[in-house]
Amino acid sequence: MSLERFISDAISPWMKKEGPESDIVLSSRVRLARNLQQYVFPIVADKTSAHEVISSISSFINTERDVAGAGHLEMLVMEQLKPIEKRVLVEKHLISPNLAEKAKYGAVLLNQDESISIMLNEEDHIRIQCLATGFQLKEVLHKANVIDDFIESHTDYAFDEKRGYLTSCPTNVGTGLRASVMMHLPALVLTKKISRIIPAINQLGLAVRGIYGEGTEAQGNIFQISNQMTLGKSEEDIIEDLAGVVMQVIQQERAARKQLQEGLKLQLEDKLYRSLGTLENSRIIQSKEAAKCLSDVRLGIDLEILPGISKTILNELMILTQPGFLQQYAGVVLTPEERDIRRATLIRERIKLENR
Amino acid sequence: MNCEECHEREASLHFTKIINGEKTEFHICEHCAKEKGEFLPGSNSFSIHQLLSGLLHGDGHVPNTPSSNFIPPSLACEKCGMSYYQFAKIGRFGCDHCYKAFESKLNPIFKRVHGGNTVHAGKIPLRAGNSIQEKRQLQQLKQAMQQYILNEEFEKAAETRDEIRKIEQRLQQGRDT
């Protein structure tokens, strides 16, 4: 398969659209956790019960040609997928590692452009996830709500007047809502302002983490900011509070970028060009170094220092250079050392596709 | 320090996560990190679970009175069979009824996790929700009426009272049919 074809198949269609504030906010996501009232939660469910959950939901979703305006949803059953296929779904953020590895009768429903994924029998019976590029929290919440209403019109949710939507984990009870944005914050990292911003965000009841790995040391300067509290606030208030903080972080990042460009222009250019050189020339590259260089190149694109490279290169290559995708492209299982070689090759070839 | 995955090799990667001021740490060796695939995106379940089970055991964080601290070993959910001790250990409810079975123990946990909140204020399912929505509205109206009385705005208070009566009648009829 040609690289161009591989990339176009590998990248979810929704990712190819450009969203608002997309120089800093890469994507927005909303997840709603729901359970069916009739069945025990997946963590204690036996095979029969888990199976019934799937068949009861698929009975009204599989027959529907247009689910709440989202088109037809295709169901993938985890047990019928190869390990590498599951891994690729995880790397595309369409399913969780937990669903891929541990779920009994786990399944996922996906729409055509992969902006909607509904996990079944994960930690909760139903996890509705909606994604969009850029800063579009309100839009994704609306989309998730419409699907939620559709499912609810066919079945009874586990809901309590006092506690709200009942979930398996106490951290999700109430709204069952987790909203998050992925932000590219290279200038705040370079100017070391990030170390003061993260604790401030945590103080507000929001979590900040690096998307590729635990902890706050983010690979590729990509950070995920999400709400922690799900109980006691309305969905709209949760989204609004998160959006307010995200807006402030965007302004801080823009200010830091300006500061770098004005004060350290030559040093900045040197750094960004070196990173591009590394990506264009290396023969072996580990994911951490690749992520760092890709982040630099993306910053260079946003600041118009590195012209003629498409903006989506960071998002694309951060996904494609993960172990699952590298192995899918290679068609064989690779050792970590082999992956580092493949990763370097794939990045070089991808950059060559740019008409510069 | 030994790796928390294999418990054999020295941990060389250290992760710290802070949520609502709660700090959790995770230590792992390079080999296991590679095994896990250079860290799968979003694999953060260990920390929430660790945080919770610490919380549920009341390790000094949760203000418990001596009487509420005692949990009879027999405390269990009738629907799914999960005991309170199991729940505290894994940090997950087994079914919707667990919320009722462990009701008396939950407020301190929810307060801690959800910034002091214990009561849902968000979306209500459409099918089950009409009467719940009206009850919520009723509560708000009653509060408003009290305020009007305190402010000596008796005309407004009377209007609100009439509104309350209407809703109460509707709720009553709903129950009869």
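Here is how names work: the chains are called A, B, and so on, in the same order as the sequence lines, proteins then strands, and each is numbered from 1. Just so it is clear, the values below take in all heavy atoms, side chains as well, and ignore hydrogens, waters and symmetry mates.
The nearest pair of heavy atoms linking A/N145 to B/K123 is OD1-NZ, 2.8 Å. Of all heavy-atom pairs spanning A/E152 and B/P125, the tightest one is OE2-CB, 3.2 Å. Closest heavy-atom contact between B/G91 and A/P170: O-CD, 3.2 Å.
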Steps toward side chain to side chain contact (heavy atoms under 4.5 Å, CB included) verdict (B/M82, A/V40) = CA-CA 11 Å; B/M82 184 174 283; A/V40 296; over 6 Å; no
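Using modelled atom types, one side-chain atom of A/S168 and one backbone atom of B/F93 make a donor-acceptor pair closer than 3.5 Å. Under a 3.5 Å cut-off, the side chain of A/Q228 and the backbone N or O of B/H114 do not form any donor-acceptor pair. At distances below 3.5 Å, at least one donor-acceptor pair connects side-chain atoms of B/Y99 with backbone N or O atoms of A/T167.
Atom OH of A/Y165 is separated from atom NE2 of B/H120 by 6.0 Å, given to the nearest 0.5 angstrom. Taking SG from B/C95 and OH from A/Y39, the interatomic distance works out to 14.5 Å, rounded to the nearest 0.5 Å. Atom CG of B/L126 sits about 8.5 Å away from atom CG of A/D148, to the nearest 0.5 Å. Remark: A/L166 CG to B/K100 NZ distance equals 7.5 Å, nearest 0.5 Å.
Contact annotation for A/Q37: both backbone and side-chain heavy atoms come within less than 4.5 Å of a heavy atom of chain B. With a 4.5 angstrom heavy-atom cutoff, A/H154 touches chain B only via backbone atoms. For A/L231, the parts lying under 4.5 angstrom from a heavy atom of chain B are both the backbone and the side chain. Contacts of A/D237 with chain B are absent, with no heavy-atom separation under 4.5 Å from either backbone or side chain. Residue A/Q38 touches chain B through its backbone alone, counting heavy-atom pairs closer than 4.5 Å.
Between B/E103 and A/K162, at least one side-chain nitrogen of the basic residue sits less than 4.0 Å from a carboxylate oxygen of the acidic one, meeting the salt-bridge criterion. Remark: A/R163 does not engage B/D96 in a salt bridge, criterion side-chain N to carboxylate O under 4.0 Å.
Counting non-hydrogen atoms of neighbouring residues, nucleotides and ligands closer than 6.0 angstrom, the NZ atom of A/K138 reaches no more than 12 such neighbours. Heavy-atom neighbours of B/E78 CD from other residues, nucleotides or ligands within 6.0 Å: above the threshold of 12.
A 4.5 Å side-chain heavy-atom check between A/V44 and B/R92 finds every atom pair outside the cut-off.
A donor and an acceptor atom, one from each side chain of B/N117 and A/K233, are nowhere located under 3.5 Å apart.
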